[in-house]
Number of protein chains: 2
Amino acid sequence: MNTQEKIIESATVLFLEKGFDRTSVREIASKANINISLMNYYFRSKEILFETIIDLLIGKAAASLKDILDAEIDLNEKISQYTGKYIDMLIRNPLLVSFVLAVLNRNPEKLIKLKVTDNLYTTKKFSQQLNNEYLKGNIKKVDPEQFYLNMLSLISFPFAMKHLIIEKNQFSQEEFDRFITERKEIIYNTLISYLKP
Amino acid sequence: MNTQEKIIESATVLFLEKGFDRTSVREIASKANINISLMNYYFRSKEILFETIIDLLIGKAAASLKDILDAEIDLNEKISQYTGKYIDMLIRNPLLVSFVLAVLNRNPEKLIKLKVTDNLYTTKKFSQQLNNEYLKGNIKKVDPEQFYLNMLSLISFPFAMKHLIIEKNQFSQEEFDRFITERKEIIYNTLISYLKP
DNA sequence: ATTCATTTTAAACACTTGTTTAAAATGAAT
DNA sequence: ATTCATTTTAAACAAGTGTTTAAAATGAAT
């Protein structure tokens, strides 16, 4: 593993855990076992390093999900798959939601200007599908923006609230994951029952 | 307005807008038009000032909502009122969700140890009501924790995503508020349709 | 073996941070 | 008018920040 990779790896962990402001370049360098100056040698600034990592983190997570949302499959099946895969991904990356929300509220431009954001929040094809299903009489008329936002809220918000949920219910890590996994079906049923004509 | 109040007022605005880390005591003092040292004279540290403001912000917001959740009224009516009042409150305090989530992820203990947190996330009476309605055959069997979390997610998450929603749909401030207001009924219908036996 | 670009190092820089100090101002009670 | 606790002020402190500098080490190409 070369220096650049070491920096990225250490910085990713620290930025995820403590955010941009509370992570110092000295801490990153120390964790990566490299000299501080190398941070500015490979990336020109802490800021640029951060943007690089935002891009990496969101890019990896969003790509496969976007594919599901755009796939040409049955609506119910799509909602089920999307919910399931999204939650699986977040269980593997439990800090991702808070990280993205933190960036979004500190540097909205920073997130919005990224191409990966399109994958993070886009609904064009999905909206068409919802409209088609309505015209076919399969579902009731819904605002696709609102419906997609509902889906996203039900999936993501619990991870932003993780600490509170764990504390309040006295969950262990495993119990939290189980609680979240149970949500897959609940979220699916919630969304589908709303769509019923 | 005395010095203490001036500090609280200025600090509240800045902490809400920029968070704890990116707000300096000098900035607060400057905005309040007072000497820096007065911050440590009235509050012993920036940290304590912050905790004071957390308490104030959450306390004000959570109290009335808790009352609705605990009230002895019809379940449908309760869900409708809770959703409506919660969203009204968040439209008046659009930065509150992000603020609370930021605190929750940086200093979980800080939030959890506060008494006001009980009002922020507690479901005891509401859970009983859900169970009762199930026994009466009025609704299907649901996990109260999950159902309450759904409610909270649908209400709160859009405010955490505000910047992205505005950007993506090219909303003005007023259009965002309208979009959110439309959600009241959508959220109500979503939750109710899921409860149908 | 020498050259030379790439990579690494230690040290310093300029700046901001929260907090403390000790003196000064204020204003009500005697 | 004096006392004295409360409040305000200016200045300094110690520590931490991201970044830059210039010298040193490295290692492949000549």
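Per chain, numbering begins at 1; letters A, B, ... match sequence-line order.
Taking atom CG of residue B:Leu38 and atom C1' of nucleotide C:dG18, one finds them 15 Å apart after rounding to whole Å. Per the geometry, CE belonging to B:Met39 stands 12 Å off C1' belonging to C:dT17, to the nearest Å. Remark: C1' of C:dC15 and CZ of B:Arg26 are 11 Å apart, rounded to the nearest angstrom. Here the C1' atom of nucleotide C:dT19 and the CD1 atom of B:Ile28 are 14 Å apart, to the nearest Å.
For B:Phe50 and B:Phe20, the ring centers sit closer than 6.0 Å to each other. With ring centers used as reference points, A:Phe99 lies 6.0 Å or more from A:Phe15. If you look at B:Tyr194 and A:Tyr194, their ring centroids are not closer than 6.0 Å.
Take the nearest nucleotide of DNA chain D for B:Ile36 and for A:Ser45: the residue whose nucleotide is more 5' is B:Ile36. Nearest-nucleotide positions on DNA chain C place A:Asn33 closer to the 5' end than the other of A:Asn33 and B:Arg44.
Between A:Lys31 and A:Glu9 there is no salt bridge, since no side-chain N of the basic residue sits under 4.0 Å from a carboxylate O of the acidic one. The existence of a salt bridge linking A:Lys66 and A:Asp70 is confirmed by a sub-4.0 Å separation between a basic side-chain nitrogen and an acidic carboxylate oxygen.
Residue A:Phe43 is classed as having no contact, given no heavy-atom separation below 4.0 Å to the nucleic acid. Residue contacts for A:Ser37: at a heavy-atom cut-off of 4.0 Å it reaches a base atom on one of the strands shown.
Base-pair partner of D:dG16: C:dC15 (Watson-Crick or G-U wobble, both distances under 3.5 Å). Taking a pair to require two hydrogen-bonding distances under 3.5 Å in either a Watson-Crick or a G-U wobble arrangement, C:dA25 pairs with D:dT6.
Within the structure, ring pair (Phe, Tyr, Trp, His ring centres under 6.0 Å) pairs that include any residue of residues 125-148 of chain A comprise A:Tyr121-A:Tyr148 (at least two apart or interchain).
If you walk DNA chain D from 5' to 3' and mark each nucleotide with an atom closer than 4.0 Å to a heavy atom of chain A, the marks span D:dT17 to D:dT21.
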